[in-house]
**Q** 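Please find one structure pasted underneath; my questions will follow.
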There are 2 protein chains.
Amino acid sequence: MNKSTATLKSISATLGISISTVSRVLNDRAKKYRISDATVAKIKKEADRVSFAPNQIASALRSQKTKTIALVIPDISNSYFSSMAKGLGIEARKAGYSLLLFDSLGQEKLEIEAVRLMRSRKVDGFIIAPASTNGQHIIDLKESGTPVVFIDRYIKSMAIASVCSDNVEAAYQATSYLITSGHQHIACIQGLNYLSSSADRTLGYKKALAKYHLAENKSYFLGDDFSHQSGYAATKILLENCPQVTAILSLSHLNAMGAMQAIKEAGKHIPEDISLITFDDDPLFAYLSTPLTSVDQPNEAIGIETMQLLIAQINGESNSTEQKLLKTQLILRDSVKVFNKDSEA
Amino acid sequence: MNKSTATLKSISATLGISISTVSRVLNDRAKKYRISDATVAKIKKEADRVSFAPNQIASALRSQKTKTIALVIPDISNSYFSSMAKGLGIEARKAGYSLLLFDSLGQEKLEIEAVRLMRSRKVDGFIIAPASTNGQHIIDLKESGTPVVFIDRYIKSMAIASVCSDNVEAAYQATSYLITSGHQHIACIQGLNYLSSSADRTLGYKKALAKYHLAENKSYFLGDDFSHQSGYAATKILLENCPQVTAILSLSHLNAMGAMQAIKEAGKHIPEDISLITFDDDPLFAYLSTPLTSVDQPNEAIGIETMQLLIAQINGESNSTEQKLLKTQLILRDSVKVFNKDSEA
DNA sequence: CTGAAAGCGCTAACAC
DNA sequence: GTGTTAGCGCTTTCAG
């Protein structure tokens, strides 16, 4: 079995050449050490013959570099995060890094475990979509000198770089569009509002209201989770208690699905009875019974930028604490009713 | 900075206790070596104080076990694979393994690179959704003694365990449903047909035809990729050339989306003009303009089973070459037109 | 141009 | 009960 246990030592032995020389050649440092062409050729040939693959574990132990990055996210099965993972993976590979994936299930407890474990594994850096907002484990991690960058969410109180969608602006745009379409009573179905992603979207919503001199209404804020279930429950309550509401801004695709279910069950229709815009575009939205207007976020690009930032930090080329915001796009479909200019008092 | 450089050695030094004793205590082998309670307490306290975290790299080098598993899949951003990754991750964590993620983009060339890289990283086992069917790199890998299990797809010529949906049965069921609903001219939009997943689905389709004494028609087989684009192109051709076709079996959700687009553009409607069933359920299917009947595959469960199988192999508790098939579910919605019993000659 | 040797942090066989 | 020692496979001074 185990054919491939070729090591520097074994090659060195069969060739009668020292380990260091073999190492140098196989690490492309032959020129630098002016090793003779003959020796180089011999070593390369033998390495090839036994299909030598350097033991990265040994290398990592010695060099204190694992070329590995920890990715800690709350739900890899959510297309929202998996598309970020895609960008992250592509960029990591280009730079010779591998990704250690850890799904925190959105639980701080598991996130703590992840950080502990990955630190033990001596990863060169962390990319985290934090599950909570008061993570001492992240502060400790950062203080230990390990590069960290947040993805999708940031924690205000921490001086840690992040890259996210421009959520404030995105929600501002979406809400403004609703308002200029003639809606005056707009509900906001929120996600986990202690997370910056949800909070910033709520902020953008409020900004738009203010801009157009519309009053905030406490009972128009509903929901406390990005889930289908939460969106469903929120919308049910909304439809019962606030008949004057003509539009909903949903802060996640899962929330929107719940909303659609509740609207359907109430025998109402989008957009005739109620308009809907949601965050997190999905190509399928174009084929819904009412094609859904949505905020498309550049998740793969977020992944790419995040990885570049982290790698720059690992290389000591940057230690910025910058919060990078990427532009989103409002994709207009048919789920928003447009009132005549003169339709409302 | 780097506070956490506590090692066995450093603890041993500050306590004046030998490294091995420290190691034994910190690996919960105190009892076994009958180390005095006092010593145990002292060591644990100090380890805690300096928040000792064992260097897994050193441990791996020494023990030849990395507690790491390579996951090589063609597209992590595809919900189909990311939901498998979810199950894989959950099960891996339970068993103390971490996942090294590599996205092959469906390219054999990158898959080869992945295998090389992960072997260098000395992972304890591989989970692969192979991109092609003649992978010498996989044969070499297996022969080197590294546990491997295929996920979602298998390669017939290789004696390697696999866990997949029961694609033959799933397609057989779906096609049978179409036939018993009165359809006689059913097209099959295929994915990458050299992969077992697509090929087996095609097989199930054919089995159903045979069962009901319907002839196969070469021009009813279209498509050669799991993509939106391929589904779109295939359906366009179909609608032009085969007006007698009343139903389509689509072998992936992306294909189905392409089909929907083509059908829409042709001014036709589902299911009045053409019926559609697709593989890969999506919760959004319930909210489409025509709720889409689909084959739901237990992807997360596939992930879980795959990981269990691999870990059993790593532990030497199994070296089966079993092909595990998991049951799928046909989810009936409204995209299939049901003809009257007497509607066709 | 090439080699010897130390050591990364840990485990485990072998002492006593 | 506890300590000593020899590596795992590699990188990297330091010698020559």
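Convention: sequence-line order gives letters A, B, ...; per-chain numbering from 1. Side-chain atoms are counted along with the backbone in the values below, which use heavy atoms only and exclude waters and symmetry mates.
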**Q** Examine dT2(D): is either OP1 or OP2 under 4.0 Å from a nitrogen or oxygen in the side chain of Thr39(B)? Give yes or no.
**A**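 Thr39(B) to dT2(D) OP1/OP2: side-chain N or O found under 4.0 Å.
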**Q** Going by distance alone, is a donor N or O of one side chain under 3.5 Å from an acceptor N or O of the other, for Thr39(B) and Ser36(B)?
**A**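 Looking only at side-chain atoms, Ser36(B) and Thr39(B) do form a donor-acceptor pair, the distance falling under 3.5 Å.
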**Q** Quick one: list whatever passes salt bridge (charged side-chain N to carboxylate O under 4.0 Å, His left out) with Lys86(B), sequence neighbours left out.
**A**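 Result, salt bridge (charged side-chain N to carboxylate O under 4.0 Å, His left out) vs Lys86(B): Asp75(A), Asp103(A).
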**Q** Below 3.5 Å, can you tabulate the donor-acceptor pairs from side chains in residues 52-62 of chain B to any protein atom, sequence neighbours excluded?
**A**
unit_1	atom_1	unit_2	atom_2	d
Asn55(B)	OD1	Ile57(B)	N	2.8
Asn55(B)	OD1	Ala58(B)	N	3.0

**Q** Tell me, please, the opening and closing nucleotides of DNA chain C, 5' to 3', among those with an atom under 4.0 angstrom from a non-hydrogen atom of chain A.
**A**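 Range of nucleotides within reach of chain A: dC1(C) to dG9(C).
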**Q** Under 3.5 Å, is there a donor-acceptor pair between the Ser98(B) and Arg121(A) side chains?
**A**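 Result is yes, a qualifying pair exists.
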**Q** How close do Tyr194(A) and Ser132(A) get, counting heavy atoms only, and between which atoms?
**A**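 Closest pair (atom of Tyr194(A), atom of Ser132(A), distance): CE1-CA, 4.1 Å.
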**Q** What distance separates Ile128(B) CD1 from Ile160(B) CD1, expressed to the nearest 0.5 Å?
**A**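 One gets 7.5 Å once the value is rounded to the nearest 0.5 Å.
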**Q** Scan nucleotides 7-16 of chain D nucleotide by nucleotide, 5' to 3', and note B when protein non-hydrogen atoms come under 4.0 Å of the base, S if they reach only the sugar-phosphate, - if neither.
**A** BBBBBBB---
**Q** Not counting sequence neighbours, which residues clear side chain to side chain contact (heavy atoms under 4.5 Å, CB included) with Glu91(A)? List them please.
**A**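 In terms of side chain to side chain contact (heavy atoms under 4.5 Å, CB included), with neighbours along the sequence ignored, Glu91(A) is linked to Lys94(A), Ile304(A), Met307(A), Gln308(A).
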**Q** Which pair of heavy atoms, one from Gly303(A) and one from Ile151(A), lies closest together, and at what distance?
**A**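 Heavy atoms only, the tightest pair is CA-CD1, 4.1 Å.
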**Q** Under 3.5 Å, is there a donor on one side chain and an acceptor on the other for Ser18(A) and Thr21(A)?
**A**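 Yes, side-chain donor-acceptor contact under 3.5 Å.
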**Q** So for the helix from dC1(C)-dG16(D) to dC16(C)-dG1(D), with five pairs setting each end axis, what is the inter-axis angle to 10°?
**A**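 Both end axes considered, the difference amounts to 40°.
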**Q** Which heavy atom in Ala161(B) sits nearest to a heavy atom in Leu309(B), and how many Å separate them?
**A**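 Shortest heavy-atom contact: CB-CD2, 4.2 Å.
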